[in-house]
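This report refers to the structure that appears directly beneath it.
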Number of protein chains: 2
Amino acid sequence: MERLETLEAILERLRKSIREKGLKNSKQREEVLAVLYKSGTHLSPEEIAQQIKLADRGASLSSVYRLLAYLEQEGFISGLKTNHGGKRYEIASKLHHDHIICLECGEIIEFVDEEIERLQLEVAQKFGAKLISHDMRLFVKCEKCSS
Amino acid sequence: MERLETLEAILERLRKSIREKGLKNSKQREEVLAVLYKSGTHLSPEEIAQQIKLADRGASLSSVYRLLAYLEQEGFISGLKTNHGGKRYEIASKLHHDHIICLECGEIIEFVDEEIERLQLEVAQKFGAKLISHDMRLFVKCEKCSS
DNA sequence: GTATCTGCAAATGCTTTGCACACCC
DNA sequence: GGGTGTGCAAAGCATTTGCAGATAC
């Protein structure tokens, strides 16, 4: 999925947001965001901690959990519940998309279906409501797991 | 949401399915199903164990987990991951539906759009996957909250 | 300087598993 | 009677929390 911003632009937004809240920045916080940006996929907290360990002196798993919670709350990343293992995270600065999740191996596929998007708008209208956002997950048995 | 079957009919299906697999029935297994049928809502494993305790001699929490896993796999019930706490279960014998949720007042509207259902099947197929189930929530500002 | 952030280890919450006994077919 | 099912207690994971020391502003 293509990106909407450069990593540097996102980090600038992060720094500004931290400053405005009177918080303090840290290398670890930026690293978590950078790792998610570079990977482009959905990573588990464990995987993120591993990646940072490679790139740098590292971040403890508990810090990664704390940082992820903060970054998600601030809208820099978004979490996704899987059926296999725990939550996974991805950078929020991507084009809108929905998810297909394999119930057996946990693989995640991103997709957009314009027709469904249009129908969702219609459904909301039919009930006199204004559509703000949506969350759609298709749970499947993927190609690999079927063979 | 209205029910499609009586409890007795579901229990009959369960007994048949158990027989065909060469398994053995148990009071606890039927109780789990009965509790979910009667409640009509989403219950946690803990709540289910509590309910059975009241109605009967009870079932241990670990058995409830085992029974829920079996019943879900066999399609008698369906699990739902919540944001806080663990999984919750509901009887599968309800009409399928999705949810429209108002971000302001929290109102929940149930709906089904056959066209979207069809497209979801198509999307999964396009990726070579077999659709098992889906979860779709439309977040809106409802009619009342807009005026 | 001081409030926030970090790492560690222990605690927590939900779920699963090993084992001995109970029960259904 | 033999194979399933059950309850109990212990183990397993993912996640959270308390605390002492490190660090950013």
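Worth knowing before you read on, the calculation uses all heavy atoms, side chains too, and leaves out hydrogens, waters and symmetry mates.
- Under 4.0 Å is where a charged nitrogen must lie from a carboxylate oxygen, and between B:K16 and B:E12 no such pair does.
- Under the 4.5 Å side-chain criterion, counting only non-hydrogen atoms from C-beta, B:V140 is not in contact with A:K130.
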Inset, instruction - Indicate for each nucleotide in nucleotides 16-22 of chain D, in 5' to 3' sequence, whether protein heavy atoms under 4.0 Å reach the base (B), only the sugar-phosphate (S), or nothing (-). - result: BBB----

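- The CD-P distance, from B:E31 to D:dG5, rounds to 17 Å in whole Å.
- To the nearest angstrom, C1' of D:dT4 lies 18 Å from CD of B:E20.
- Per the geometry, NZ belonging to B:K21 stands 16 Å off C1' belonging to D:dG5, to the nearest Å.
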Legend entry - Test salt bridge (Lys or Arg N to Asp or Glu O under 4.0 Å) applied to B:K53 and B:E31, step by step: CA-CA 10 Å; B:K53 191 156 279 170; B:E31 267 307 323; over 6 Å; no

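- Spacing between atom CD of A:E30 and atom P of D:dT23 amounts to 17 Å, rounded to whole angstrom units.
- The shortest side-chain heavy-atom distance between B:D98 and B:E117 falls under the 4.5 Å cut-off.
- Rounded to an integer number of Å, the gap from OH of B:Y70 to P of D:dT4 is 13 Å.
- We find the OG-CD distance between A:S44 and A:E47 to be 3.5 Å, quoted to the nearest 0.5 Å.
- Distance A:K27 NZ to D:dT23 P: 12 Å, rounded to the nearest Å.
- In terms of position along DNA chain D, the nucleotide closest to B:A59 lies nearer the 5' end than the nucleotide closest to the other residue of the pair A:P45 and B:A59.
- Scanning all heavy atoms of the two residues, the minimum distance from B:L14 to B:Y70 falls at CD1-CE2, 4.3 Å.
- Rounded to whole Å, atom C1' of C:dC24 lies 13 Å from atom CZ of B:R19.
- Side-chain polar atoms of A:H99 and A:E90 form a donor-acceptor pair below 3.5 angstrom.
- From B:I91, atom CD1 reaches atom CG of B:L33 across 4.0 Å, with rounding to the nearest 0.5 Å.
- Distance, B:E46 CD to C:dT12 P: 16 Å, rounded to whole Å.
- Between A:R118 and A:E122, at least one side-chain N (NZ, or NE/NH1/NH2) sits under 4.0 Å from a carboxylate O, which counts as a salt bridge.
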Sub-3.5 Å pairs of nitrogen or oxygen atoms, protein against nucleotides 2-5 of chain C:
from  : atom 1 : to    : atom 2 : distance (Å)
C:dA3 : N3     : A:K24 : NZ     : 2.5
C:dC5 : OP1    : A:K24 : O      : 3.4
C:dC5 : OP1    : A:R29 : NH2    : 2.7

